Amino acid sequence: MRLIYRVFYSVAMALLLLASCTSKEENRGPNFNSQQEEDDFASIAEFVGDSVSGEKVSKECAVVCYKIDSETESAESVKSPDALISLKKKHAANMSEANSNASTLDQRDLALVQEHAAKAEEAYKNACRQYELPASGVIANLQNLIQSIDKVQTRKDFDNFRDCRIGMLEDLDNIHLCVESRNTSGVSEVRKLAQTLKGKYIAMKERFDK
């Protein structure tokens, strides 16, 4: 049911933003961003109502819990290392944004928000436990790719090298996010090798993509 609500919300927000862009294009003043944030908050508040799991709360609390629960759902939907990378790229910022209004809540509402935040963090940690990869495997894969790209001589060679791994090659800055985070030396080595591969890949693109 929440997924359906999120779809409806996404559509509503897209229409709201489109209308805002067209009707306010010439009226943007120094307070435009803050006004837009207030409008967005009002839209979310109207959508989520003023209850959480059947419990009456302030609209501010309902909005914060809704945003946190959305992050929980994102973590629970992770089913691969690639999806884990996407989650890690956004998780900290999403949680910070979700909690940005929590300081205005009373103690009762704040306690509820903290419960939801704890569930979100547990879902995040669980995703990491399930889909983080050993550094050794990622390191070996990057080393093999560096050796392979060094053998590229023609445009056909480059296309064959790139076509089956384009997503990974275009996101080498974040590949370390799929590595077991407790292995700091492994993460560091993955980052170093990823940057080596990235440099070679960019050079090949400049050579052949003309």
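What you see is a predicted model, and the numbers here were worked out from it, not measured in a lab. Nothing fancy with the numbering, it's 1 onward along the sequence.
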**Report entry** T154/D157 under side-chain hydrogen bond (donor to acceptor under 3.5 Å, both in side chains): CA gap, chis, key distance, verdict
**Finding:** CA-CA 5 Å; T154 66; D157 291 341; 3.2 Å; yes
Query raised in the report: How long is the gap from CG on L105 to CG on N99, to the nearest 0.5 Å?
Result: 9.0 Å
Requested in this report: Please name the pair of heavy atoms, one in D173 and one in H176, separated by the smallest distance, quoted to 0.1 Å.
Outcome: O-CE1, 3.0 Å
Query raised in the report: How close do L110 and A102 get, heavy atom to heavy atom, and via which atoms?
Result: CD1-O, 3.9 Å
Query raised in the report: For the residue pair L172 and A194, what are the closest heavy atoms and their distance?
Result: O-CB, 3.5 Å
Requested in this report: Using atom types as modelled and distance alone, determine if a side-chain donor or acceptor of S96 lies under 3.5 Å from a backbone N or O of A93.
Outcome: no
Requested in this report: Classify the side-chain pair S103/N101 by whether it contains a donor and acceptor separated by less than 3.5 Å.
Outcome: no
Report task. Report the C-alpha distance between R162 and D209 in whole Å, list the side-chain angles of each, state the deciding distance to 0.1 Å, and finish with yes or no for salt bridge (charged side-chain N to carboxylate O under 4.0 Å, His left out). Result -> CA-CA 12 Å; R162 175 172 59 176; D209 288 349; 2.8 Å; yes
Report task. Carefully, step by step, assess E122 and K119 under the rule salt bridge (charged side-chain N to carboxylate O under 4.0 Å, His left out). Result -> CA-CA 5 Å; E122 181 57 34; K119 291 179 181 178; over 6 Å; no
Query raised in the report: C61 and L112: which non-hydrogen atoms are nearest, and at how many Å?
Result: SG-CD2, 4.1 Å
Report task. Identify whether Y131 and V187 are in the same connected component of the hydrophobic contact network (ILVMFWY, side-chain heavy atoms under 4.5 Å). Result -> no
Query raised in the report: Can you hop from M95 to Y124 via hydrophobic side chains spaced under 4.5 Å?
Result: no
Query raised in the report: Are V64 and V113 close enough, and set up right, to give a side-chain contact (heavy atoms from CB on, under 4.5 Å), and what steps lead you there?
Result: CA-CA 7 Å; V64 173; V113 165; 3.7 Å; yes
Report task. Answer yes or no: is there a side-chain heavy-atom contact under 4.5 Å between F161 and L145? Result -> yes
Query raised in the report: Above 12 or not: heavy atoms from other molecules or residues under 6.0 Å from CZ of R129?
Result: yes
Report task. Could you tell me the separation between the CE atom of M204 and the CG atom of L169, rounded to the nearest 0.5 Å? Result -> 12.0 Å
Report task. Carefully, step by step, assess H91 and E121 under the rule side-chain hydrogen bond (donor to acceptor under 3.5 Å, both in side chains). Result -> CA-CA 9 Å; H91 179 72; E121 289 304 324; 3.1 Å; yes
Query raised in the report: Do the side-chain N and O atoms of N174 and D171 include a donor-acceptor pair separated by under 3.5 angstrom?
Result: yes
Query - From CE (M168) to CG (L142), nearest 0.5 Å - result: 6.5 Å
Requested in this report: Answer with yes or no whether the side chains of Y201 and E170 bring together a donor and an acceptor at under 3.5 Å.
Outcome: yes
Report task. Would you give the length of the straight line joining atom CD1 of I68 to atom CD of E115, rounded to the nearest 0.5 angstrom? Result -> 11.0 Å
Requested in this report: Assess whether side-chain contact (heavy atoms from CB on, under 4.5 Å) is satisfied between K205 and F158, documenting all intermediate values.
Outcome: CA-CA 8 Å; K205 286 205 299 182; F158 181 56; 3.7 Å; yes
Requested in this report: Find the distance between CD1 (I202) and CD (E206) and round it off to the nearest 0.5 Å.
Outcome: 7.0 Å
Requested in this report: Find the distance between CD1 (I85) and CG (D82) and round it off to the nearest 0.5 Å.
Outcome: 5.5 Å
Report task. Please assess C178 against E132 for the test side-chain contact (heavy atoms from CB on, under 4.5 Å), listing each intermediate value before the final yes or no. Result -> CA-CA 5 Å; C178 73; E132 282 184 343; over 6 Å; no
Query raised in the report: Hey, are the side chains of E60 and D109 touching, using non-hydrogen atoms and a 4.5 Å cut-off?
Result: no
Query raised in the report: What pair of heavy atoms forms the shortest contact from A123 to E76, and how long is it?
Result: CB-CG, 4.0 Å
Report task. Please lay out, stage by stage, how K88 and C128 fare under the test side-chain contact (heavy atoms from CB on, under 4.5 Å). Result -> CA-CA 9 Å; K88 283 189 174 185; C128 292; 3.6 Å; yes
Query raised in the report: Which heavy atom in L87 sits nearest to a heavy atom in A127, and how many Å separate them?
Result: CD2-CB, 4.2 Å
Query raised in the report: Going by atom types only, do E71 and H116 share a side-chain donor-acceptor pair under 3.5 Å?
Result: no
Requested in this report: Could you give me the CA-CA distance, side-chain angles and deciding distance for S148 and D150, then say whether side-chain hydrogen bond (donor to acceptor under 3.5 Å, both in side chains) is met?
Outcome: CA-CA 5 Å; S148 295; D150 283 342; over 6 Å; no
**Report entry** pair L84-L177: side-chain heavy atoms closer than 4.5 Å
**Finding:** no
Query raised in the report: Between the main-chain N or O of A140 and the side-chain N or O of N144, is there a donor-acceptor pair closer than 3.5 Å?
Result: yes
